[in-house]
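Just follow the structure's listing: the first ligand is 1, and inside any ligand the first atom is 1. Computed over heavy atoms, backbone and side chain alike; hydrogens, waters and symmetry mates excluded. Numbers here are sequence positions counted from 1.
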Amino acid sequence: MIRFEHVTKRYADGTTAVDDLSFEVAEGELVTLVGPSGCGKTTTMKMVNRLIEPTSGRILLDGQDIARTDPVRLRRRIGYVIQQVGLFPHKTVLENTATVPHLLGWQRQKARARAAELLDLVGLDPAVYGDRYPDQLSGGQRQRVGVARALAADPPVLLMDEPFGAVDPVVREHLQTEFLRLQSQVRKTVLFVTHDIEEAVRLGDRIAVYGAGRIEQFDSPATVLGAPATPYVADFVGADRGLKRLSVTPIEPGDLEQPPVVHLDDPLRKAAARLAADGARWAVVLDDADRLHGWIAAEATGAAAGDAPTEGGGDGGTVRDRARRMEAWLPVGAPLKQAFSTMLQHDAGWIAVLDGERFLGVLTPARLHEALRRSIDADANDIARSDVALETVNGD
Ligand code: ADP
Ligand code: MG
């Protein structure tokens with residue numbers, strides 16, 4: 001969809017801002033450009049809508065050389081969101097959002113209806129905010145209007161230059177979450193500039209890590225974090241890249257451990273035998289529809305052996321009488337980081353992993369570590385995670 005071919009930009013004073021850049025962004029893909037200040041991110045972006053012309057090389061949009069496209073027509077196909085938003089102070093939120101449709105000559109009613117729809121989409125109730133002026137909004141709300149305005153004419157391409165850079169971290173995280181939800185609905189081809197690696201990792205389908213004027217690595221977030229291509233990239237993504245990587249690595253069925261499973265209505269004696277057969281200290285307990293109920297400890301099933309029969313226990317008891325509830329569970333596909341924080345939150349040595357309501361297995365800290373190692377190896381060798389054989393995990 002967007003293709004850079006050997007693009008170089010040298011400014012009049014001799015600064016080479018971008019040096020022989022080649023990369024491609026697929027249709028519907030969100031690529032983040034990340035790197036320190038001055039490395040050429042903004043220059044890259046502004047060449048796409050021809051606010052800056054390259055010194056050499058060419059940029060293709062949908063197969064067409066943009067140098068041969070009229071800049072005004074080109075920009076109608078490209079939404080542009082910047083940090084300083086640039087809303088018109090004397091126009092209302094609704095009018096600001098309808099700017100491009102107006103310029104395109106849409107009828108007033110249609111443009112306003114479209115603007116209201118977009119405000120709604122970015123989480124601003126048009127009935128509440130539509131008639132306000134920009135200075136009556138918070139910084140985060142202004143950024144939302146900026147996004148709504150860029151989307152109003154439904155351009156296939158969106159350029160975003162540090163759009164959430166000026167808001168505080170909490171609002172920023174909200175905006176990122178909302179933007180991801182929005183993008184999953186509208187599926188634009190997006191170039192998103194940021195100097196924040198966390199933001200780049202969170203939003204990008206792929207990340208271009210910039211050194212001075214060049215891309216040092218162009219890969220999935222998981223690969224950039226797990227297998228940095230150069231020492232520069234490793235340094236840029238930080239010493240805690242393993243932790244960052246947890247948030248982009250999903251739980252897969254192959255990561256899970258399979259403890260013994262018993263059912264609520266099983267007699268305790270049967271459960272005890274099941275546990276003894278596996279030499280396990282506990283079992284997962286499912287209800288009769290195979291939904292997760294909780295767990296039962298080996299001691300709780302075995303109490304029947306020497307004890308005098310007690311109510312609920314002994315020979316006549318069932319698992320239901322001794323099972324404990326388990327609240328720590330996650331859907332398969334959730335990020336490993338969420339698994340880790342769920343374990344901490346519930347002070348649990350394992351969490352259950354479900355597919356819909358179906359119990360798939362459990363994730364333990366050792367399995368979590370293994371999954372992380374496997375996914376790093378898999379990305380480095382370009383194979384499926386389940387095909388990675390680990391030689392040493394916890395010494396076994
Ligand atoms: P980033 O967005 O990554 O911070 P920029 O693309 O804005 O980086 O700038 C890249 C380099 O080009 C920097 O060294 C910057 O000083 C230089 N630069 C940017 N704009 C101009 C300009 N108009 N004239 C000369 N140098 C510029
Ligand atoms: Mg910049």
Do Arg10 and Thr16 have a side chain donor and acceptor closer than 3.5 Å?
yes

Once you round to the nearest 0.5 Å, how far does CZ of Arg114 lie from CG of Leu121?
8.0 Å

Should one rank Gly38, Cys39, Gly213 by closest heavy-atom distance to atom 4 (O) of ligand 1, which comes out on top?
Gly38

In ligand 1, the atoms that come under 4.0 Å of a heavy atom of Thr42 are 1 (P), 2 (O), 6 (O), 7 (O)

Do the ring planes of Phe236 and Tyr232 sit parallel (below 30°), tilted (30 to 60°) or perpendicular (above 60°)?
parallel

Does atom NE2 (His102) have a neighbourhood of more than 12 heavy atoms from anything else shown, all under 6.0 Å?
yes

For Ala17, take its heavy atoms, then give the atoms of ligand 1 lying under 4.0 Å from any of them.
10 (C), 11 (C), 12 (O)

With a 3.5 Å cut-off and sequence neighbours excluded, list the donor-acceptor pairs that the side chains of residues 24-32 form with protein atoms.
unit_1: Glu24; atom_1: OE1; unit_2: Arg3; atom_2: NH1; d: 2.7
unit_1: Glu29; atom_1: OE1; unit_2: Ala26; atom_2: N; d: 2.9
unit_1: Glu29; atom_1: OE1; unit_2: Arg206; atom_2: NH2; d: 3.0
unit_1: Glu29; atom_1: OE2; unit_2: Arg206; atom_2: NE; d: 2.5
unit_1: Glu29; atom_1: OE2; unit_2: Arg206; atom_2: NH2; d: 3.3
unit_1: Thr32; atom_1: OG1; unit_2: Ala200; atom_2: O; d: 3.2

The Mg ion (ligand 2) neighbourhood, protein N/O/S only, threshold under 2.8 Å:
Thr42 OG1

The closest protein heavy-atom partner of atom 6 (O) of ligand 1 is Thr43 OG1, 2.5 Å

Check Asp13 against ligand 1 and report side chain, backbone, both or neither, counting heavy atoms closer than 4.0 Å.
side chain

Among all residues two or more places apart in sequence or in another chain, which pass the ring-ring contact (aromatic ring centres under 6.0 Å, His included) test with Phe179?
none

Between Thr194 and Asp196, do the side chains contain an N or O donor and an N or O acceptor separated by less than 3.5 Å?
no

What residues, two or more places apart in sequence or in another chain, satisfy ring-ring contact (aromatic ring centres under 6.0 Å, His included) together with Phe218?
Phe23

Heavy atom of protein inside 4.0 Å of atom 16 (O) of ligand 1, strictly below
no

Between His6 and Asp20, do the side chains contain a donor N or O and an acceptor N or O under 3.5 Å apart?
yes

